[in-house]
2 protein chains.
Amino acid sequence: MSVKTLCLAILNCGDATGYEIRKHLTEGKFSYFEDASYGSIYPTLARLEADRLVTVREEPQPGRPARKIYSITDEGREAFRRLLAEPPAPDTFRSPFLLVAMWAELAGPHVIKNALEERKTNLREEIEKLSAIREETGHPGTRFIVEYGLNCMRNDLAFLERESHRLVAIAEEGEEVLPQAAE
Amino acid sequence: MSVKTLCLAILNCGDATGYEIRKHLTEGKFSYFEDASYGSIYPTLARLEADRLVTVREEPQPGRPARKIYSITDEGREAFRRLLAEPPAPDTFRSPFLLVAMWAELAGPHVIKNALEERKTNLREEIEKLSAIREETGHPGTRFIVEYGLNCMRNDLAFLERESHRLVAIAEEGEEVLPQAAE
DNA sequence: GCGATCATATATCATCTCGATATATGCTGC
DNA sequence: GCAGCATATATCGAGATGATATATGATCGC
C-alpha cells in the first residue's frame with residue numbers, strides 16, 4: 001500500500017493539511033494501516049495535485065506560513081476506489097517487545113518487567129483511544145475496524161495479564177544460571 | 001530496533017548465512033520482530049564483522065559462489081545483551097486489509113469477500129506454522145512468544161469468522177446507494 | 001513575567017532501506 | 001529436456017525515514 005493510497009483515504013474523509021495527514025497516520029483511527037513521514041507525504045501531495053486527484057487552497061495566516069489545505073477531487077475518489085480493488089498486501093505485526101521476551105533469560109527480570117509494563121500500558125492507552133472513537137463514529141466501516149482493533153488488543157492484554165508471570169520466571173531462572181555483572 | 005540487533009538475535013541461535021538470516025526474518029519464528037532485505041542485511045553483516053561482533057568463514061562450494069557463514073562472538077553476545085536492555089520501540093500492527101474494510105461501501109462486496117478470504121487463509125497458515133514451531137521448540141522464551149502469537153491469531157480469526165458478515169452487508173448496502181460501473 | 005517546552009505547519013536532506021535484478025547452479029516436476 | 005524453483009551473494013535506483021531548520025502562538029511551572 002502506497003503513501004498515495006493513504007493520502008487519498010484520509011482526504012476522502014475530509015480536507016486536511018500535510019501536517020494533519022501525518023497526525024492521522026500516527027495517532028487515531030488511521031494508524032492501523034501504514035505509517036509515512038513528511039518526507040514522503042509532501043512530495044506525494046505535490047504529485048497528487050499534478051495528477052489532478054487533489055486540489056490545494058492556501059489559507060494565509062498572519063505571521064506564520066500559510067496552511068495548504070488539500071481536498072480530494074471526483075477523479076481522486078475514483079482513483080481511490082480503483083486502488084481499493086487491488087489485492088491488499090498481507091497484514092504485519094511487528095514487535096520489538098517479543099524479541100526481548102524471546103530472550104528473557106538473557107535480558108534479566110528487570111528489563112523484562114519494564115518491557116511487560118510498557119507493553120501493557122501501551123495496550124490500555126490504545127484501548128482507551130479506540131473506545132472513544134467507537135462512541136463518536138457513525139460510519140459503519142470505521143466502527144467495524146475499530147471493533148476489530150479493540151477485540152485484538154483486549155485479547156492481547158488479557159494474555160499478558162494471565163501469562164506474564166511465566167516470562168518473569170524464565171528471566172529469573174536465567175539470572176541464576178548466568179550471574180553476569182548486574183546492572 | 002535495528003537490523004544489527006536482528007542479525008545478532010538470529011546468530012545467537014546458531015550460525016547462518018545472509019540468505020538464511022533473510023529467510024528467518026521473512027518466515028518462521030523470527031518474522032514477528034522486524035523485516036529487513038538483502039540490501040540492509042549484507043552491509044550490516046560487513047559492519048558487524050568489522051566491529052568483531054561476528055566472524056565469517058567461507059565454505060567453498062564446487063561450481064557455485066562460496067557460502068559465507070557468520071558466527072556470533074562473545075563480544076557480539078555481550079553487545080546483544082546490552083541492546084536488549086534498551087527500551088524497545090512500540091509494537092505495531094499494520095493492516096492494508098483494514099483500510100479496504102474501512103471503505104467497504106466503496107470497495108464493493110466482491111472486493112470485500114476476496115479480502116476477507118485472503119486474510120482468513122493467511123491467518124490459518126500462520127497458525128499452522130506457529131503450531132509446528134511450538135511442538136518442536138524446547139526453548140522457553142520461544143515457546144512464550146509462539147503462544148502469544150497463536151493466542152493473537154486465533155482470536156483474530158474467530159472475530160472474522162463471527163463478524164465478517166457485517167462487513168459484507170455494508171459493502172452490499174453501499175453498492176445499492178452507489179451503483180457505479182460494475183466490475 | 002520569563003524561560004522552557006509543546007503544538008502547529010512547511011520543508012529539506014543525508015542516510016538508510018526496499019524491491020528488483022544480475023549471476024550462477026542444482027534439483028524437481030511434467 | 002527444460003521450465004521453474006531453491007540456494008546464495010551482491011548491487012543499484014527509487015523511495016522512505018528521522019532529524020533538523022524555520023517560525024510563532026499557547027501553556028505551564030516557578
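A quick note: this is a predicted structure, and the numbers were derived from the prediction, not measured. Values below: every heavy atom of this structure, side chains too, minus hydrogens, waters and symmetry copies.
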For [N] and [X] - does any side-chain N or O of the residue sit under 4.0 Å from the phosphate oxygens OP1/OP2?
{"X": "B:Lys23", "N": "D:dA6", "value": "no"}
{"X": "A:Tyr19", "N": "C:dT8", "value": "yes"}
{"X": "A:Thr17", "N": "C:dT8", "value": "no"}

What nucleotide, of [options], holds the atom closest to the side chain of [X]?
{"X": "B:Ser37", "options": "C:dC18, D:dT7, D:dT17", "result": "C:dC18"}
{"X": "A:Lys68", "options": "C:dA11, C:dT8, D:dA16", "result": "C:dA11"}
{"X": "B:Arg67", "options": "D:dA8, D:dT11, C:dT10", "result": "D:dA8"}
{"X": "A:Tyr38", "options": "D:dT17, C:dA11, C:dT8", "result": "C:dA11"}
{"X": "B:Tyr42", "options": "C:dA11, D:dA8, C:dC18", "result": "D:dA8"}

Would you kindly give the [atom1]-to-[atom2] distance between [X] and [N], to the nearest whole Å?
{"X": "A:Arg22", "N": "D:dT20", "atom1": "CZ", "atom2": "P", "result": "15 Å"}
{"X": "B:Leu45", "N": "C:dT17", "atom1": "CG", "atom2": "P", "result": "13 Å"}
{"X": "A:His24", "N": "C:dA9", "atom1": "NE2", "atom2": "C1'", "result": "15 Å"}
{"X": "A:Ile41", "N": "C:dA11", "atom1": "CD1", "atom2": "C1'", "result": "12 Å"}
{"X": "B:Glu27", "N": "D:dC5", "atom1": "CD", "atom2": "C1'", "result": "13 Å"}
{"X": "A:Ile69", "N": "C:dA9", "atom1": "CD1", "atom2": "P", "result": "9 Å"}
{"X": "B:Glu34", "N": "C:dC16", "atom1": "CD", "atom2": "P", "result": "17 Å"}
{"X": "B:Glu58", "N": "D:dT9", "atom1": "CD", "atom2": "P", "result": "9 Å"}

key: Euclidean distance, A:Ile72 CD1 relative to A:Glu78 CD, rounded to 0.5 Å   = 10.5 Å

ask   = What does A:Gly18 touch in the nucleic acid at a heavy-atom separation under 4.0 angstrom: a base, only the sugar-phosphate, or nothing?
value = sugar-phosphate

message = Any carboxylate oxygen within less than 4.0 angstrom of a Lys/Arg side-chain nitrogen, looking at B:Glu117 and B:Lys113?
response = no

inquiry  = Does this structure show an ion pair linking B:Lys68 with B:Glu49, if we count only N-O contacts that are shorter than 4.0 Å?
reply    = no

message = I'd like to check A:Pro96 versus B:Asp91 (side-chain heavy atoms, cut-off strictly below 4.5 Å). Are they in contact?
response = yes

ask   = Centroid-to-centroid, B:Phe93 to A:Tyr32, below 6.0 Å?
value = no

